[in-house]
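These figures come from a predicted structure and were not determined experimentally. Position 1 is the first residue of the sequence, and the numbers go up from there. Ligands are counted one by one from 1 in listed order, and the atoms in each one are counted from 1 as well.
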Amino acid sequence: MAIWNPAVECAKRSDIEKIQLERLKWSVQQAYDNVPMYREKMEKAGVKPSDIKTLKDIQKIPLTSKLELREQYPFKLLAVPMKQVVRIHASSGTTGQPITGCYTKGDLETWAECIARIATAGGVTDEDIAQISFGYGMFTGAFGLHYGLEKIGASIIPISSGNTERQINIMRDFGSTALIATPSYAMYLAETAQKMDMLKDIKLRVGLFGAEASTYEMQKELEQRFGILVTENYGLTEVMGPGVSGECEYKTGMHINEDCFLAEIIDPDTEEVLPLGEQGELVLTTLAKEAQPAIRYRTRDITRLIEEPCPCGRTSLRMEKIKGRSDDMLIIRGVNVFPSQIESVLIGQQGIGPHYEIVVTRENYTDHLQVKVELVDASLLDRYGELEALQRKIRNDLHTVLQLGVEVTLVSPNTLKRFEGKAKRVTDLR
Ligand code: DLL
């Protein structure tokens, strides 16, 4: 498959690091000169921009947390006058004060370039008709993908999310070949298309999915249902939105746009920087963001960096699929559980559908983990023996992976909630 910008994406390690160092110096200086929060943090740590002489020197600068960014709401992170800002996005703020993301004209160009690379890696070309089923609005997903796909020359359908049956009709009538959505909405779309008996009329070829965690099992399920190539991409409002990294067809991890982002992995508890290849929390520094630089931002996303060569020819470092967010990790009777571990057990099991819900409660000071899954065939509810055997199998499989007793509840088809954006699968009632 094609590579959008081989000069950068296939550059020698030493060349990439040279660009990174040059840009890191610029970005740190930009933040120090113009954003009081970064200047104060650096002064307190006794660091000056001139102390950045190698890439490793970044470790002298303190880390930045989500809470610190929130305190700068709405515009105290701006490193340029508002006059130069041409777009303002914001995170949803479901877990507190939203975080704004501001862009100069230059930032929008950089963003489109990053997306063009990732979308090309995922197989999109100027021949594609791309249906963008992310919500248009303050969320960075739709607009982010939009301008990158436009740069490639794809024909964009800016349908936004929701109105699921209409999505399927448009997909058929316009002959959409690329679908852009969250994996959970893509699954809902596949299911709706099947119900409408229209899967056969759909010409989709590729799916660029992201904005939430999904396992390889879920990806495979989506590939089979739609008959497409699915790749995943990653990003966050605090550093730009989508476009930080994305998979190529080999799915050996998500290729990072390293000329725009410097990635580190830290131990989330000790904050110590971990050696390449170890799993921990991803920390990102923007190298090309003008309006709103992010310096050593703790993403709370758990992953590992991969440097082994990828058969596609890109030389960039890659990020393994996000295992979960450090704040999504459930501690059940002392055992760490990521929802992604549960998903990988459930998807592909015979007899159950791809929708699930995780409910955590505490009874008599003891944590209780319940997993609700939908049956494919409602009549199984009347065949007690078979139902119990299926329940037991899922319970045993979950136990093998989690080393924990889990209550498995099988519910009727189409009774669990569907999502048009990011799925919310965990309810923690403790
Ligand atoms: O979700 C940006 C995005 C839009 C990425 C579209 C990809 C596609 P936020 O709403 O700020 O931005 O949410 C960022 O979502 O810290 C992760 O926890 C999670 N996330 C995003 N992509 C992935 C992914 C967008 N591929 C937060 N896998 C991040 C797992 C993801 N988690």
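- Each of R298, K66, K289 was evaluated against E238; a single residue qualifies, K66, per the salt bridge (Lys or Arg N to Asp or Glu O under 4.0 Å) test.
- Few gaps surround CD on E223; more than 12 heavy atoms of other groups in view lie less than 6.0 Å from it.
- The closest approach between a heavy atom of F209 and any atom of ligand 1 is not below 4.0 Å.
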Per-pair distances, 0.1 Å, donor-acceptor, side chain in residues 148-158, under 3.5 Å, sequence neighbours excluded:
none

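- Scanning all protein heavy atoms for the shortest distance to atom 28 (N) of ligand 1 gives E232 OE2, 3.1 Å.
- Of the N and O atoms on the side chains of H355 and R418, at least one donor lies less than 3.5 Å from an acceptor on the other residue.
- Counting only heavy atoms from C-beta outward, the side chains of E420 and T164 approach each other to under 4.5 Å.
- For E217, there are no salt bridge (charged side-chain N to carboxylate O under 4.0 Å, His left out) partners two or more places apart in sequence or in a different chain.
- Of the polar atoms of F134, none of the N or O atoms is found under 3.5 Å from an N or O of ligand 1, judged by distance alone.
- Of all atoms in ligand 1, listed by their number and element, those nearer than 4.0 Å to a heavy atom of G141 are 4 (C), 6 (C).
- Atom 18 (O) of ligand 1 has D301 OD1, 2.7 Å as its closest protein atom, hydrogens excluded (heavy atom only).
- Nearest non-hydrogen protein atom to atom 19 (C) of ligand 1 is A211 O, 3.8 Å.
- Among M319, K66, E212, the residue whose heavy atom lies nearest to atom 31 (C) of ligand 1 is E212.
- Here is the list of ligand 1 atoms found below 4.0 Å of a heavy atom in N233: 7 (C), 8 (C), 22 (N), 24 (C), 26 (N).
- With a 4.0 Å heavy-atom cut-off, ligand 1 is reached by the backbone of L236 and by its side chain too.
- For ligand 1, the polar-atom distance check against R325 finds a nitrogen or oxygen pair separated by under 3.5 Å.
- F338 has its side chain out of reach of L330: every pair of non-hydrogen atoms, C-beta onward, lies at least 4.5 Å apart.
- In this structure, R314 does not pair ionically with E249, as no charged nitrogen and carboxylate oxygen lie closer than 4.0 Å.
- Residue contact check: G210 has heavy atoms under 4.0 Å from atoms 7 (C), 8 (C) of ligand 1.
- Below 3.5 Å of separation, one finds an N or O of K422 facing an N or O of ligand 1.
- Contacts between T140 and ligand 1 below 4.0 angstrom, taking non-hydrogen atoms only, involve the side chain exclusively.
- The protein heavy atom nearest to atom 25 (C) of ligand 1 is G235 O, 3.6 Å.
- Counting the atoms of ligand 1 from 1 in the order shown, those under 4.0 Å from a heavy atom of A213 are 28 (N), 30 (C), 32 (N).
- A cation-pi contact links K321 to Y216, judged by a cut-off of 6.0 Å to the six-membered ring centre and 45° from its axis.
- Of the candidates E281, Q59, K56, Q59 is the only one forming a side-chain contact (heavy atoms from CB on, under 4.5 Å) with E264.
- Between T237 and ligand 1, a contact under 3.5 Å exists for at least one N or O pair.
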